[in-house]
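Nothing fancy with the numbering, it's 1 onward along the sequence.
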Amino acid sequence: MPTPGSAERPTAELDSRYSSALNPRPGAAQPDATEWAEARRRLEAAEIFWVSTVRPDGRLHVTPVIAAWHEGVLYFSTGPGEQKAKNLAHDRHCALTTGGNSLTEGLDLVVEGVAEKVTDPAVIEEVIAAYESKYGAHITAPEGTFHGIGDGFRTGEVLVFAVAPGTAYGFGRDGGAFTHTRWAF
């Protein structure tokens, strides 16, 4: 099981090969590595993530999920019969990605790690609280998109996975300055 809080102080490195450092834009600020605090803030706020898993035959599977960042770990869920659950039973390595679609603004984030199935009832309750706090009526209201997901977590009808970052990447675009930050944990 990932250690809560293990993602508090990763080392950050700006990769100048993939940033504006080697080819600065006129009038743009000098690029610098994105602070982990900013990346974490965006992970906490992001509503949609894309989880990438590997099928037993080596093909990739990518699908959107909702996820909650809690104590240094990203949590997401899936049904036991869904493709991502089958893939994770074979190979627990995965990546969760979030960001935007603008060419000139935003910060795309990729968190790579190993998915661990969460079964501890106390941790499940913490994850439910994190989901409810983040997604509100989508989860808590009877007409919400994911109403009842907490009960699904409790009964095991919905599998919960924890991904502590092993490596994370940030691809920033800010007014013509492009950055590529790598965080090692």
Side-chain angles (χ1 to χ4, degrees), residues 1-10 34-53 61-89 91-101 106-172 181 183 185:
M1 185 72 192
T3 306
S6 60
E8 294 305 315
R9 295 185 184 260
T34 302
E35 294 291 328
W36 177 245
E38 175 63 15
R40 192 180 67 236
R41 185 187 69 73
R42 291 185 187 227
L43 289 171
E44 291 168 351
E47 294 182 346
I48 299 292
F49 291 79
W50 293 86
V51 62
S52 301
T53 59
H61 177 71
V62 181
T63 188
V65 295
I66 60 174
W69 179 264
H70 177 65
E71 294 188 1
V73 178
L74 261 175
Y75 292 91
F76 71 95
S77 63
T78 185
E82 292 186 34
Q83 188 63 53
K84 56 189 162 294
K86 294 175 185 178
N87 296 347
L88 291 170
D91 183 342
R92 295 180 304 131
H93 293 91
C94 66
L96 287 125
T97 308
T98 192
N101 292 320
L107 178 65
D108 298 326
L109 297 165
V110 178
V111 174
E112 296 179 345
V114 175
E116 301 282 350
K117 192 172 3 173
V118 180
T119 58
D120 181 329
V123 176
I124 294 286
E125 290 303 321
E126 290 180 21
V127 174
I128 291 168
Y131 266 71
E132 289 177 348
S133 173
K134 180 175 184 176
Y135 293 102
H138 289 293
I139 290 175
T140 58
E143 64 278 0
T145 308
F146 299 98
H147 181 258
I149 197 169
D151 290 334
F153 287 5
R154 288 181 187 102
T155 63
E157 290 176 48
V158 178
L159 302 178
V160 178
F161 289 94
V163 179
T167 304
Y169 300 92
F171 304 93
T181 304
W183 297 280
F185 298 86

Looking at side-chain heavy atoms only, is the closest gap between V51 and F161 below 4.5 Å? no
Can you tell if the side chain of R154 reaches within under 4.5 Å of the side chain of I128, non-hydrogen atoms only? yes
Mind listing the closest non-hydrogen atom pair of V73 and A164 along with its distance? CG1-N, 4.1 Å
Distance from K86 atom NZ to T53 atom OG1, nearest 0.5 Å? 11.5 Å
What verdict does the side-chain contact (heavy atoms from CB on, under 4.5 Å) test give for T63 and E82, after you've listed the backbone C-alpha separation in whole Å, the side-chain angles of each residue and the deciding distance to 0.1 Å? CA-CA 11 Å; T63 188; E82 292 186 34; over 6 Å; no
Does the side chain of I48 come within less than 4.5 Å of I66's, by heavy atoms? yes
From D120 atom CG to E125 atom CD, the distance as rounded to the nearest 0.5 Å: 10.0 Å
Looking at Y135 and A67, would you say the former's side chain and the latter's main chain have a donor-acceptor pair under 3.5 Å? yes
Answer whether the closest heavy-atom distance between the side chains of L96 and L43 falls below 4.5 Å. no
Shortest non-hydrogen contact from C94 toward L88: CB-CD2, 4.2 Å
Quick one: side-chain hydrogen bond (donor to acceptor under 3.5 Å, both in side chains) partners of E38, sequence neighbours excluded? R41, R42
Would one find more than 12 heavy atoms of other residues, nucleotides or ligands at under 6.0 Å from atom NE2 of H61? yes
Criterion salt bridge (charged side-chain N to carboxylate O under 4.0 Å, His left out) on E35 and R40, from CA distance to verdict: CA-CA 9 Å; E35 294 291 328; R40 192 180 67 236; over 6 Å; no
Ring centres under 6.0 Å, that's the criterion: do W36 and F185 meet it? yes
If every non-hydrogen atom of G113 is compared with every non-hydrogen atom of V163, which pair is closest and at what distance? CA-CG1, 3.8 Å
Nearest heavy-atom contact between A85 and P80 is CB-O, 3.6 Å
Find the distance between CD1 (I139) and NE2 (H147) and round it off to the nearest 0.5 Å. 10.5 Å
Quick one: are V111 and F49 in side-chain contact, heavy atoms under 4.5 Å? no
Side chain proximity check, T97 to D108, heavy atoms < 4.5 angstrom: no
Using modelled atom types and a 3.5 Å cut-off, is there a donor and acceptor pairing between side-chain atoms of S133 and backbone atoms of A129? no
Residue pair H138 / E47, side-chain heavy-atom distance below 4.5 Å: no
Is the gap between the ring centers of Y131 and F153 under 6.0 Å? yes
Pairwise distance OG1(T181) to OH(Y169) - rounded to 0.5 angstrom: 11.5 Å
List the atom of S77, the atom of V65, and the distance in Å for their closest heavy-atom pair. O-CG1, 4.4 Å
Do I124 and V160 have side chains that approach each other closer than 4.5 Å (heavy atoms only, starting at C-beta)? yes
Counting distance only, does the side-chain N/O of T34 pair as donor-acceptor with the main-chain N or O of G170 below 3.5 Å? no
